Amino acid sequence: MTKRALALMLALSMSVGIVLSGCTDSGSTSSAGGDTASGGGGSSGATDVGSFDDIEFPESLPEKIVMGDGLDYSYDDLTERYSIEIMCTNYGEAALTPENDPVNQWLSEKFNMDILLTSPSGEDYQTVVSTRFSANDYPDILMLPTREYGFTLSDQGLLMDAKNIYPYMLLSNNYTTQSMIQWSTNNSNGEIPFITKYSIQDSNFGIPVRQDWLEALDMEYPTTKEELLDFAKACTFNDPDGNGKDDTYFMTGGGEGKGYGMLTAFENMFGNPAMHVENGEFQHPYFNGTRKEVISFFKELVDAQVLAPDWFTKNWSQACADMANDLVGMGWFPSGAFHVQVVTKDNTEKTMENLEKYKYYKEAPIEGGKFPANGNPGFMWAFLKEKFEGQDGKLKRVAHMIDTMTLGGENFFQTIQSSIPEVYEAAGITVEGERVYGYNDDGKTFYIADVGTQGAPFRADDGYGPTGIWQQFGLVTTYQANYISDEMSEFDKAYNEKANEGNEIILSYDRWPNDGLLVTLSGEAAEAQTTLTEWVLAEEYKFIAGGRSMDEWDSFTQEWLSKGGKEIIKQAAEQLGVEVPDYAK
């Protein structure tokens with residue numbers, strides 16, 4: 001995958017709210033019995049799968065990969081051929097035509113369908129979708145640009161209720177949490193207007209620390225706030241790199257003035273950051289002390305002068321440069337990307353010495369701290385009612401196909417990261433060499449060789465890059481590990497082992513429950529949430545930088561309430577089924 005493609009994928013993932021990691025090994029089942037699913041939006045016709053109510057969606061994402069071997073898709077009569085159009089974004093290049101797209105041909109052959117993949121650019125997507133819908137020119141399946149857009153289409157009666165689709169998603173349901181289902185539900189009519197599951201990248205950020213600096217400073221990895229502050233000061237003032245210069249710091253930022261960048265690593269260390277219920281009472285981080293502790297800690301770091309210059313205004317690339325140039329002792333980074341961008345400095349300095357500098361630790365660096373919640377939704381796929389109502393067979397076919405493209409499914413590797421040789425060979429395309437892929441023995445991870453190391457047809461100039469669009473149905477990099485072989489060089493093998501070790505630690509983090517998915521703001525509350533964002537950041541930064549005393553925190557929260565915060569709390573409390581606290585009445 002190109003850097004441009006990865007960047008676009010990250011941007012798309014973040015636009016629908018994304019993050020993932022260590023969880024319980026729970027799975028879902030879709031069993032026969034009870035009311036049977038009717039995929040035709042009200043049409044009769046019994047099936048051999050259970051109803052939506054029969055599905056036991058997991059509380060969290062599985063720790064181990066759930067395999068699709070042995071799942072019974074006999075509900076799908078493959079003898080009748082269907083035609084469908086799928087509409088979604090691309091990674092900078094539009095989809096190939098069906099006759100030139102080997103993945104399209106593979107799926108069309110396997111599932112007896114004629115498939116058209118339409119893929120406007122991310123920048124144009126909302127406009128193209130709106131234009132198509134204004135002309136009543138609907139695709140069969142649509143990647144929704146936002147959840148709210150899906151709710152609007154649902155209110156207009158245009159989308160299938162996913163309660164009629166999920167019973168056929170035998171594998172995907174294992175990766176669709178209860179919170180995701182609640183998040184997907186349109187409160188105005190009770191429908192679920194789209195299917196979703198894991199995001200491509202979810203909770204894959206972790207805390208790498210300069211292990212060589214810890215050793216040079218004769219310190220242990222910090223696990224309390226006091227120890228962390230001691231380490232921060234030592235990184236800044238005790239010459240940890242031994243060069244005799246005053247040129248090192250504890251951390252940097254990278255939020256470009258729009259957030260806290262790498263300091264977001266600590267936003268979960270002082271309590272659950274989401275609105276939630278505790279002991280039957282509504283909790284908001286502004287009013288239970290959680291957020292005040294976060295901001296007070298950031299202020300302590302600023303007052304101690306342990307952050308790199310211009311940490312708040314630096315962009316992400318500049319923050320990465322701070323780390324790559326050995327200026328800071330701790331960061332916040334996905335393990336794989338970190339080893340590329342920082343450890344080997346975009347692959348320009350591949351030395352064993354660089355590999356030993358950093359280490360990820362499982363423990364939080366502050367007592368009682370946890371890491372961001374996982375199990376955030378991925379892309380949202382809506383089925384247009386006009387295209388599926390009364391067509392149970394077509395609905396089952398499409399659900400069957402998408403389900404096999406899920407992690408653990410029979411068409412997972414065939415549809416991710418530019419696919420695998422057998423797909424090209426089936427299309428009559430010559431493949432040079434091999435491409436290794438598979439599941440690791442631990443049952444927790446999969447691997448697939450980087451297409452950049454391959455010959456035809458995986459080279460950039462071979463023209464098959466747009467096949468990567470198909471991975472939006474199934475790719476999940478959080479479960480992905482770097483491939484390791486005894487045939488690799490000593491460095492490459494050690495590099496991949498280090499990257500995998502970091503990712504495994506990130507997967508094992510102790511995390512907060514995903515309470516953020518349990519509240520869906522709308523109307524005045526949603527508008528207030530949006531309009532308050534910039535104001536909140538500006539006021540918080542005043543506290544951090546000394547422009548406002550922490551003694552004024554209560555005054556700040558009262559201002560927040562008066563600017564729309566009361567409506568946010570009232571709506572959230574109602575959805576969580578608890579009383580509105582007195583301070584918000």
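For this chain, numbers begin at 1 and follow the sequence in order. It should be emphasised that the depicted structure is a prediction, and the values quoted were computed from it without experimental measurement.
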Practice item. Indicate whether any N or O donor in one side chain lies under 3.5 Å from an N or O acceptor in the other, for N514 and N376. Key: yes

Check your understanding: For residues D515 and N272, is any side-chain donor paired with an opposing acceptor at under 3.5 Å?
Key -> yes

Check your understanding: side chain to side chain donor-acceptor pair (under 3.5 Å) between N204 and T478: does it pass, once the steps are laid out?
Key -> CA-CA 6 Å; N204 59 347; T478 312; 5.1 Å; no

Check your understanding: Taking E501 for the side chain and E497 for the main chain, is one N or O donor matched with an acceptor at less than 3.5 Å?
Key -> no

Exercise for review: Please report the shortest heavy-atom distance between N90 and S121, naming the atom on each side.
Suggested key: ND2-N, 3.5 Å

Check your understanding: Going from CZ on F205 to OG on S335, what distance comes out if it is rounded to the nearest 0.5 angstrom?
Key -> 12.0 Å

Study note, to complete from the structure: Taking every heavy atom of E579 against every heavy atom of F282, the minimum-distance pair comes out as O-CB, 4.0 Å

Check your understanding: Is there a donor in the side chain of T127 and an acceptor in the side chain of D124, or the other way round, less than 3.5 Å apart?
Key -> no

Point to revise | Rounded distance [0.5 Å steps], OG in S549 versus NZ in K299 | key: 7.5 Å

Check your understanding: Does some side-chain heavy atom of T248 sit less than 4.5 Å from a side-chain heavy atom of L327?
Key -> no

Practice item. For the pair N315 (side chain) and Q318 (backbone), establish whether a donor and an acceptor sit closer than 3.5 Å, ignoring hydrogens and angles. Key: yes

Study note, to complete from the structure: Scanning both residues in full, the closest heavy-atom pair of W512 with G271 reads CZ2-C, 3.2 Å

Practice item. Please answer whether the main-chain N or O of C235 pairs with a side-chain N or O of R210 as donor and acceptor at a distance below 3.5 Å. Key: no

Exercise for review: For residues F333 and W316, establish whether the separation of their ring centroids is below 6.0 Å.
Suggested key: yes

Point to revise | Crowding at CD, E367 (>12 non-hydrogen neighbours, <6.0 Å) | key: yes

Check your understanding: Y495 and E490: side chain to side chain donor-acceptor pair (under 3.5 Å), yes or no, with the steps?
Key -> CA-CA 8 Å; Y495 173 92; E490 180 184 5; over 6 Å; no

Review point. Within a strict 4.5 Å, meaning less than it, do heavy atoms of the M330 and F231 side chains meet?
Key: yes

Point to revise | Donor-acceptor pair between Q341 and D346 side chains, under 3.5 angstrom | key: no

Point to revise | Shortest non-hydrogen separation from P372 to R511 and the atoms involved | key: O-NH1, 2.7 Å

Practice item. Would you mind reporting whether I568 and L532 have side-chain heavy atoms less than 4.5 Å apart? Key: yes

Review point. Are the charged groups of K570 and E567 less than 4.0 angstrom apart, N to O?
Key: no

Point to revise | Distance (rounded to the nearest 0.5 Å) between Q529 CD and T533 OG1 | key: 6.0 Å

Practice item. Output yes when a side-chain donor or acceptor of T477 lies under 3.5 Å from a complementary backbone atom of Q480, and no otherwise. Key: no

Exercise for review: Answer yes when E540 and R291 have at least one side-chain N-carboxylate O distance shorter than 4.0 Å, and no when they do not.
Suggested key: yes

**Study point:** Under 3.5 Å side-chain donor-acceptor pair for T520 and R147
**Key:** yes

Check your understanding: Which residue, F297, W332, Y260, F371, forms the ring pair (Phe, Tyr, Trp, His ring centres under 6.0 Å) with F266?
Key -> F297

Review point. Within the side chain of Q571, is there an N or O that forms a donor-acceptor pair under 3.5 Å with the backbone of S522?
Key: yes

Review point. Any donor-acceptor pair under 3.5 Å linking the side chain of T185 with the backbone of N187?
Key: no

**Study point:** Electrostatic pair K225-E300, nearest N-O below 4.0 angstrom
**Key:** yes

Point to revise | Validation row, ring centre F473 to ring centre F379 under 6.0 Å | key: no

Exercise for review: Indicate whether the side chain of D241 and that of N243 have a donor and an acceptor atom separated by less than 3.5 Å.
Suggested key: yes

Check your understanding: Which atom pair, heavy atoms only, marks the closest approach of G150 to L144?
Key -> CA-CD1, 3.7 Å

Check your understanding: Got more than 12 heavy atoms from elsewhere within 6.0 Å of CD, E552?
Key -> yes

Check your understanding: Should the pair D326-K357 be classified as a salt bridge under the 4.0 Å nitrogen-to-oxygen rule?
Key -> yes

Exercise for review: Check for a donor-acceptor pair, side chain of T344 on one end and backbone N or O of H339 on the other, with a separation under 3.5 Å.
Suggested key: yes

Point to revise | Polar contact flag, side-chain donor to acceptor under 3.5 angstrom, Y509-E363 | key: no

Review point. Strictly by modelled atom types, are E63 and Y479 linked by a side-chain donor-acceptor pair under 3.5 Å?
Key: no

Practice item. Give a yes or no on whether the backbone of Y360 and the side-chain of Y221 come within a donor-acceptor separation of less than 3.5 Å. Key: no

Point to revise | Side chain to side chain, E278 and H276, heavy atoms closer than 4.5 Å | key: yes

**Study point:** Ionic contact status for D310 with K314, cut-off 4.0 Å
**Key:** no

Review point. What is the minimum heavy-atom distance between L263 and T252, and which atoms define it?
Key: CD1-O, 3.3 Å

**Study point:** Stacked cation flag K585 on Y583, 6.0 angstrom / 45 deg
**Key:** no

Check your understanding: Does the gap between the ring centers of F298 and F543 come in under 6.0 Å?
Key -> no

Review point. Are F556 and W535 near enough that their ring centres are under 6.0 Å apart?
Key: yes

**Study point:** Heavy-atom donor-acceptor pair, N325 side chain to A321 backbone, under 3.5 Å
**Key:** yes

**Study point:** Any W560 side-chain heavy atom under 4.5 Å of E539 side chain
**Key:** no

Point to revise | Side-chain heavy atoms of I65 within contact of Y175, under 4.5 Å | key: yes

Exercise for review: Output yes when R548 and E559 qualify as a salt bridge under the 4.0 Å nitrogen-oxygen rule, no when they do not.
Suggested key: yes

Review point. Does F312 reach the side chain of L307, with side-chain heavy atoms less than 4.5 Å apart?
Key: no

Point to revise | Under 3.5 Å side-chain donor-acceptor pair for D492 and N496 | key: no

**Study point:** Whether T264 side chain and E267 backbone form a donor-acceptor pair below 3.5 Å
**Key:** no

